[in-house]
Structures are given as C-alpha cells and as structure tokens.
Amino acid sequence: MRDRTRYLYLAVIVAVVLGILVGYLWPDVGKELKPIGTGFVALIKMVISPIIFCTIVLGIGSVNKAAKVGKVGGLALGYFIVMSTFALLIGLLVGNLIDPGAGLHLTDAGKQAAEAEAAKGGESSAVDFVVGIIPTTLVSAFTSSQVLQTLLVALLTGFAVQAMGAKGEPILRGVEHIQRLVFRILSMVMWAAPVGAFGAIAALIGATGLEALKTLGIIMGAFYLTCLLFVGVVLGTVLWVFARINLWSLLRYLGREFLLILSTSSSETALPRLIAKMEHLGVSRTVAGITVPTGYSFNLDGTAIYLTMATLFVASATGAPLQVGEQVTLLLFMMIASKGAAGVSGAGLATLAAGLQSHRPELVDGVGLIVGIDRFMSEARALTNFAGNAVATVLIGRWTGDFDRERAAEVLAGRVPFDEATLLDEPKEAEPPAPGTEKELAPA
C-alpha cells in the first residue's frame, strides 16, 4: 500500500512557504494567525504524557529485573553529562573566537524586552528542580505537561506492575491497548500539521520580520554553524565509533520529525514519534521509553551551545567581556537551570536572562539585543537537541545490548518502512479466506 502521508509532509513544506509570504507581506495578518500554530502544538502535547506513560510501563513491566532499568538510566545520565560538556566547550571556543557582539548598541526598547525576559525566567535552585519532579497527585502529572513528572509516575507504575508478577499481566495488556489508541489519535492529529505549520511560521515572520536577520546575521550564522559542526562532527563520530551507524542515514530516517520541529519551533511535537521510530529502528521499548523522555530534560546539547554563545555575545556587546572562570561558572549554572525546558519555545532566552540576572545583573539589558532573533535561533536549538536525543537512544541501546543492528540496517536502507498509520510495529492480521475455500479444505 502506498504511503499517503508523503503528501502530508509535502503539504507542510508548502504551508511553511505560504506562512513566510503571509507573515512578510501582511505582518498584522500573520500575527493574528498565531493561535492556529499554538493550537496544533497543544494537540501534540495532549498525547505526550500518555505515550510516555504507556511506553515506560510496558518497557519496565516486560523486563525481569529492576536492575536493568537502573543500568539504562545510569548510562543515559552519564552520557548526557559528557555530551553537554562537549557542547558547552564547543560553544565557548567558537564564541571566543568570533566575538560576534562587538560594535552593537542597545536601544531602550531592547532594555525593556530584556527586563521582561528576566522576570519570566524567575529564580530557580537545585532543590526547587528536584521537588518539582514530584506531582501533586498520581494523575496530575498527565495534566501538568511536565515530562519529568510523567516519567516518575510511569517508573513507579512499571516497577509496581513488575513486582506483581503474573497478576500484573492483565494491567500490561490494558496499557498496551491504551498505547495503540493514543498512537492512533496522534496519527490523526498529524494531518493538521500543514495548518499548524502555516499559522506558526506566519506569526513568527509577522512578529519579527526579516530585518532582525540582517542586523544580527553574524551571531545567527555562527550559532547555526556551531550546531551543524557539533551534530556532524561530534555526534556523527560517536555514533559511528560505538554503533557503526551512519549519522546522515539516521537523520534522513528522521526527516519528517525534523520538518515538524522546524515548522512549529517546538521539539516536543516530535517526542512521541521519536519514541515510536526508535522502537521501529531496533531499540528496545525499555531503552527508548526511558532515554527519550529523560533526554528531553537532561540532554540539551543545542541549548548548551546557545547559552554559551549568547552569554559571550551579550557580554561583548555591552562592553563587559567575561573572564574564562566567569564564563564556566555562569554557564554551568544556566545548564542546570535550563533542565526540563527543551521543548518550550523561547525558554532558552528566559534562562539566559535569569542566569545573567543572578550572576551579572549589569549584563541583563544586553539580552534585549537578541530578543528579535531568538525565535529563529530556537529552531537550531530544537533541531540539535532532537538529533542529540536520537543518537543517545541508539548508543544506550547498543551499550546495554538492547539494539538490533541488523534490523536497523534494514530500516535505514528503506526495506522495512515505518507504519505511519499506527506508529507501532504490529503483526498484520491474516486476510479472511476466499469464499468456498473452507469447503475445499474440509476433510472428506
């Protein structure tokens, strides 16, 4: 059967082009279309918590020992810390070499915008972060849109079902049916992607215009180039060395998800599909279910690069460059403060402003210089975060022995296509026998 969804993603591309034209030619109209894009993203977020819950419960409930889950989680967190450090160092290196903030001047409007972002960021601490992972009630995690809260409830449920032994089997079967239902809902929602992409892009261009791209092209270009180098060189090398998987074939396999992120400015819109596609690729349900949601909160490679380069840009533009020690201390704080904000459009800017407010208040006004282009830079942040989580999932699966490399080769070669209708790998139902066949096969 032909894949009809290819027309859907062609329509998304057309919608993005039309959105750019509408936003540029009729800015006021473009800004009025923002609720359309916001509504589509809200539809996707609606199913994220149930999908994470079902995937993790089924993954944990199907393994024999709880230690297996701890091994996956420990490896994932260790890997996230190492890669975030690499991203931090690369951002520092490029930012110090290019010095893109020199020669810019801050306006009064920019100062007001910076103050608004600093207030939005608020104050946070490690204690607040840890306590915030615990939901108010067992079910409130599904309504709060907090990925880590859902992850905690799912882990507890999975271990509880595992401890029940045979009595937990009916619960697992019920969760499996719910998973099928939620993925089917997601596949239906995806047909609204062109409309959502049109509204999101039109509102973005209508609100910011294209002038910001011209005046601040250096920092944008440097940031995009740094993200590209990180993905191509660092992630590509690690993926090939440890899993013998070609990065570009993996990114091509995830092409539709990248298009979805690019058109909605939110990496969360692709989170459910990443879980499904990683399972289809050959990563076990346990590894995919734990690594992907955790990575969305802790594996923020694109955000780390953004925070480093934006901090150096602001310091240089305001005539108060930071010493190396100050750079490292400030950025480590920002990395901790940004956890859990990967899928929220614009959260990186609020984290930047809040971090400067707490460590170097005199630099906060400089955030106003990049308010106009932050939404364009958020695209690169989201795409880099997504690529990093896809690579991480494959590597964790490889290191824990839960990755079928032969199947991955078949999938990446296009010989085992992903089922866009169900988003799940399920056995095909047998076709009913042709009329009269039963009589012919009946014994004489």
Side-chain angles (χ1 to χ4, degrees), residues 76-100 217-243 245-255 257-259 261-262 265-267 270 274 291-292 294-313 324 327-328 330-332 334-336 338-339 341-343 345 347-349 351-352 370 373-374 376-396 398:
L77 289 175
Y79 172 83
F80 296 159
I81 292 172
V82 172
M83 295 311 293
S84 293
T85 303
F86 266 104
L88 184 79
L89 293 175
I90 289 177
L92 283 175
L93 177 63
V94 175
N96 280 290
L97 286 175
I98 295 178
D99 191 20
I218 296 178
I219 178 64
M220 279 192 60
F223 178 60
Y224 270 77
L225 179 61
T226 305
C227 288
L228 187 61
L229 288 173
F230 177 81
V231 173
V233 177
V234 179
L235 293 182
T237 301
V238 171
L239 183 63
W240 177 254
V241 169
F242 292 103
I245 298 292
N246 180 273
L247 174 70
W248 305 115
S249 63
L250 178 64
L251 299 185
R252 186 171 60 249
Y253 169 63
L254 298 171
E257 287 66 45
F258 281 111
L259 177 60
I261 294 170
L262 192 64
S265 298
S266 174
S267 58
L274 180 59
T291 306
V292 173
T294 308
Y296 260 68
S297 293
F298 292 96
N299 192 31
L300 309 177
D301 301 329
T303 304
I305 295 172
Y306 168 81
L307 290 174
T308 53
M309 296 190 68
T311 299
L312 296 178
F313 169 79
V324 175
Q327 294 176 15
V328 174
L330 175 59
L331 294 168
L332 286 175
M334 288 186 180
M335 284 181 61
I336 296 173
S338 67
K339 301 309 181 189
S345 180
L349 187 63
T351 301
L352 172 67
I370 57 175
I373 62 166
D374 178 73
F376 292 99
M377 296 174 74
S378 72
E379 311 282 357
R381 284 201 303 267
L383 293 171
T384 305
N385 289 339
F386 183 81
N389 284 317
V391 170
T393 306
V394 173
L395 291 176
I396 301 304
R398 178 76 177 83

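All values below come from the heavy atoms of this structure, side chains included, with hydrogens, waters and symmetry mates left out.
- At least one side-chain heavy atom of Val238 sits under 4.5 Å from a side-chain heavy atom of Leu395.
- With rounding to the nearest 0.5 Å, the separation of CD1 in Ile81 from CG in Asn299 is 10.5 Å.
- Put simply, the side chain of Ile245 reaches to within 4.5 Å of the side chain of Leu239, judged on heavy atoms.
- Shortest non-hydrogen contact noted between Leu274 and Ala390 is CD1-CB, 4.1 Å.
- Remark: of the listed residues Ile305, Thr303, Leu307, Thr303 is the sole one forming a side-chain contact (heavy atoms from CB on, under 4.5 Å) with Arg381.
- From Thr85, atom OG1 reaches atom CZ of Phe80 across 13.0 Å, with rounding to the nearest 0.5 Å.
- Rounded to the nearest 0.5 Å, atoms CG (Asn385) and OH (Tyr296) are 8.5 Å apart.
- In this structure, Leu254 and Phe386 have side chains that are in contact, with non-hydrogen atoms separated by less than 4.5 Å.
- Distance OG1/Thr393 to CG/Leu250: 9.5 Å, rounded to 0.5 Å.
- Here the CD atom belonging to Glu379 is positioned 12.0 Å from the SG atom belonging to Cys227, to the nearest 0.5 angstrom.
- Considering all non-hydrogen atoms of both residues, Ser84 and Ala304 come closest at O-CB, 4.2 Å.
- For the pair Val391/Tyr79, a side-chain contact is recorded, criterion being any heavy-atom separation below 4.5 Å from C-beta on.
- Leu251 is listed as a side-chain neighbour of Val231, based on a closest heavy-atom distance under 4.5 Å.
- Between Phe258 and Leu383, some side-chain heavy-atom pair lies under the 4.5 Å cut-off.
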Just do the side chain to side chain contact (heavy atoms under 4.5 Å, CB included) check on Ile90 and Val234 with the steps written out, would you? CA-CA 10 Å; Ile90 289 177; Val234 179; 3.6 Å; yes
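- Atoms CG and CG, on Leu93 and Leu88 in that order, are 11.5 Å from each other to the nearest 0.5 Å.
- Counting only heavy atoms from C-beta outward, the side chains of Met83 and Phe230 approach each other to under 4.5 Å.
- By the salt bridge (charged side-chain N to carboxylate O under 4.0 Å, His left out) test, Glu257 pairs with Arg273, Lys277, sequence neighbours left out.
- Shown here for Ile261 and Ala382, the closest heavy-atom pair between the two residues is CG2-CB, 3.6 Å.
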